[in-house]
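One structure, pasted below without further comment.
Reminder, nothing fancy here: chain letters follow the sequence lines and each chain counts from 1.
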2 protein chains.
Amino acid sequence: MTKKEQILHTALALFAAQGYDRTATSRIAREAGVSEGLIFRHYENKAGLLEAILDEGLRQIAGTMEGYRLIENPRAAVLDHIRRSFILIREQEAFWRLAQMVRFQPEVRVGAAAKLEAINGFIVRQLAEQFSKLGARAPQQEALTLFALIDGICIQWLQAPEQYPLEDMKDHLINKYRHEQYGLG
Amino acid sequence: MTKKEQILHTALALFAAQGYDRTATSRIAREAGVSEGLIFRHYENKAGLLEAILDEGLRQIAGTMEGYRLIENPRAAVLDHIRRSFILIREQEAFWRLAQMVRFQPEVRVGAAAKLEAINGFIVRQLAEQFSKLGARAPQQEALTLFALIDGICIQWLQAPEQYPLEDMKDHLINKYRHEQYGLG
DNA sequence: GTCATAAGTGAGTAATCACTTACAAAAATA
DNA sequence: TATTTTTGTAAGTGATTACTCACTTATGAC
C-alpha cells in the first residue's frame, strides 16, 4: 500500500468513527504514519481528501450494482438486487457510516451528490422496470419503496450493528418480495 | 419569545442548515440578536445547547406518538401510525435534518441516543403488537420493516424535498398496508 | 427603598486546526 | 552521470472558535 493509499484508508476509518469535521488532518497523518504536509501534496485540501474517499466508495458500489440487466426474470432481478444491497451494506460499513454523516452537509452535496444521485437514479429506474414487468400498478412507487426500505434498514443497523437483526431482515425482505402480488393491491 | 427560546430556535435553524460543527456560537448569538455570553449563561456549553434542542424535538415526537393504544382495530392503528409519521416528517423538517446529521456522532449518541431509542423501542413494540393481532407470521420483523421504511422515506425526502414525491409515497404506503395480508406470505 | 438574584453584555484568551513553505531525499529521465 | 521531477518532512502561521470574566442592568422579595 502506497502512502497515498494509506492516507485515504486511515482518513476513511477516522472520518467514519468520529465524523469529518472532528477529525484533524494532523491526526490522520499521525495514524497513517506520514507527515501532515504529505496529505496536502496528494490531495488539494481536506475536502478534496473526502471527495476522493467518496469517489472510491461510489466506484465500488457502482461496480457491484452493475450486473443488473443480465437477469431476465424480473422477480429474480428484484431478489438479486436485495441480496447485492445487503452484501454492500456489510462490506462497506465504514463508507456507509461516513456517507450517512456527510449526506446532508451542503459542501459535500455539491461534490459527491451528483454521482450518488446518478447511481440511485439508475437503480430506481431498473427496479421500476422490473416492477412494471411484474404487473405493479405503481412501479415507480414500488421502486422508491424498496429503495427507501433498504436505506432505512442500513441506517438502523449502522446505529447499533451488534443489536440489529440484519440477517433476519434480509431473509424477511427476500421472503416478502418473493411472494408479493403487485397486480392485486 | 424569551431570549433563551430565541437562542434555541436560531440554533436549531443554523445547525440544521449548516451542521452542528460548522455553526459558530458567535453566529448563533448574532442571528438570535443576543450576546455570545448569554448562550453560555443559559446552556452549559455548545453540546448542552444541542442536547436541549434534541430534547425539545423528542418531546414533541413523543407527544404526537402518544395516542396509540386508544385505537382498537389493529389495522386502523397501523394506518394511523403511518399518517402520524408523515405529519411529523412535514412539521419537524429542521429537527429531522439535524437529527440525521448528528445521529452517528459519538458525542451526541451518549446524550440523546437513550431517549431516542426509548421512543423507537416503544413504537416498534406497539407496531409489533398490532401486526401480531393481524396474524403476521413475523410481527417483530414486520414492525422493523415499517419503521425502517418510514425512516428511509424521510431521509430520501430530506435530501431533495422539492423533488421527492412524499405525498405519493404516503398514499402508496397507506394503500399497501390497508390491503396487505400478513397471514399468507 | 434595599438587597439579593437573575439576565445580559462584550472584550478577551488559550487552544485548535487547515494549510504553507523551505528544504531534503529518492526516483525517474536524459 | 547529470538533471529534472516526484515524494517526503518539520516547523511554522494566521484565522477561527468555544468559552471566561469582569461588569452592568433589570427583576422581584420583604
**Message:** Less than 4.0 angstrom from a charged side-chain N to a carboxylate O is my criterion; do B/D80 and B/R75 meet it?
**Reply:**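 Salt bridge between B/D80 and B/R75, a charged N being under 4.0 Å from a carboxylate O: no.
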**Prompt:** Using 4.0 Å as the upper bound for N to carboxylate O, is an ion pair formed by B/K133 and B/E72?
**Reply:**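 The answer is no: the pair does not qualify as a salt bridge.
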**Request:** To the nearest 0.5 angstrom, please state how far the CZ atom of B/R178 sits from the CG atom of B/L173.
**Result:**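 Output value for this atom pair is 12.0 Å.
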**Prompt:** Considering residues at least two apart in sequence or located in another chain, which fulfil the side chain to side chain donor-acceptor pair (under 3.5 Å) criterion with B/N120?
**Reply:**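 Result, side chain to side chain donor-acceptor pair (under 3.5 Å) vs B/N120: none returned.
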**Item:** A/R103 versus B/Q100, side-chain donor and acceptor atoms under 3.5 Å
**Value:**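 The criterion, which ignores hydrogens and geometry beyond distance, is not satisfied for A/R103 and B/Q100.
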**Prompt:** Any ring pair (Phe, Tyr, Trp, His ring centres under 6.0 Å) pairs touching residues 13-32 of chain B, not counting sequence neighbours?
**Reply:**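 Matches after skipping sequence neighbours: B/F15-B/Y20.
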**Request:** Assess B/K4 against B/Y43: is NZ or CZ under 6.0 Å from the centre of the six-membered ring, and within 45 degrees of the ring's axis?
**Result:**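 Pair B/K4/B/Y43 counts as cation-pi.
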**Message:** Is it the case that the side chain of A/R22 and the backbone of B/Q105 share a donor-acceptor pair, with hydrogens and angles ignored and the cut-off at 3.5 Å?
**Reply:**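 Checked: no pair found.
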**Request:** Mind listing the residues from residues 35-55 of chain B sitting with a heavy atom below 4.0 Å of DNA chain C? Number order is fine.
**Result:**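 The answer is B/S35, B/G37, B/L38, B/R41, B/H42.
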**Item:** Counterpart residues, side chain to side chain contact (heavy atoms under 4.5 Å, CB included), relative to B/E31 (two or more places apart)
**Value:**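 Partners of B/E31 under the side chain to side chain contact (heavy atoms under 4.5 Å, CB included) test: B/T10, B/L14, B/R27.
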**Message:** Please classify the nucleic acid contact of A/K4 as base, sugar-phosphate, or nothing, using heavy-atom distances under 4.0 Å.
**Reply:**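 Since no nucleic acid heavy atom lies under 4.0 Å of A/K4, the category is nothing.
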**Message:** Using a strict threshold of under 4.0 Å (side-chain N to carboxylate O), is an ion pair present between A/E91 and A/R84?
**Reply:**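 Looking at A/R84 and A/E91, the cut-off is not met.
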**Prompt:** For DNA chain C, what residues of residues 6-32 of chain B have any heavy atom nearer than 4.0 Å?
**Reply:**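 By residue number: none to list.
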**Request:** Provide the start and end nucleotides, 5' to 3', of the part of DNA chain D that has atoms under 4.0 Å from heavy atoms of chain A.
**Result:**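 The contacted stretch runs from D/dT7 to D/dT9.
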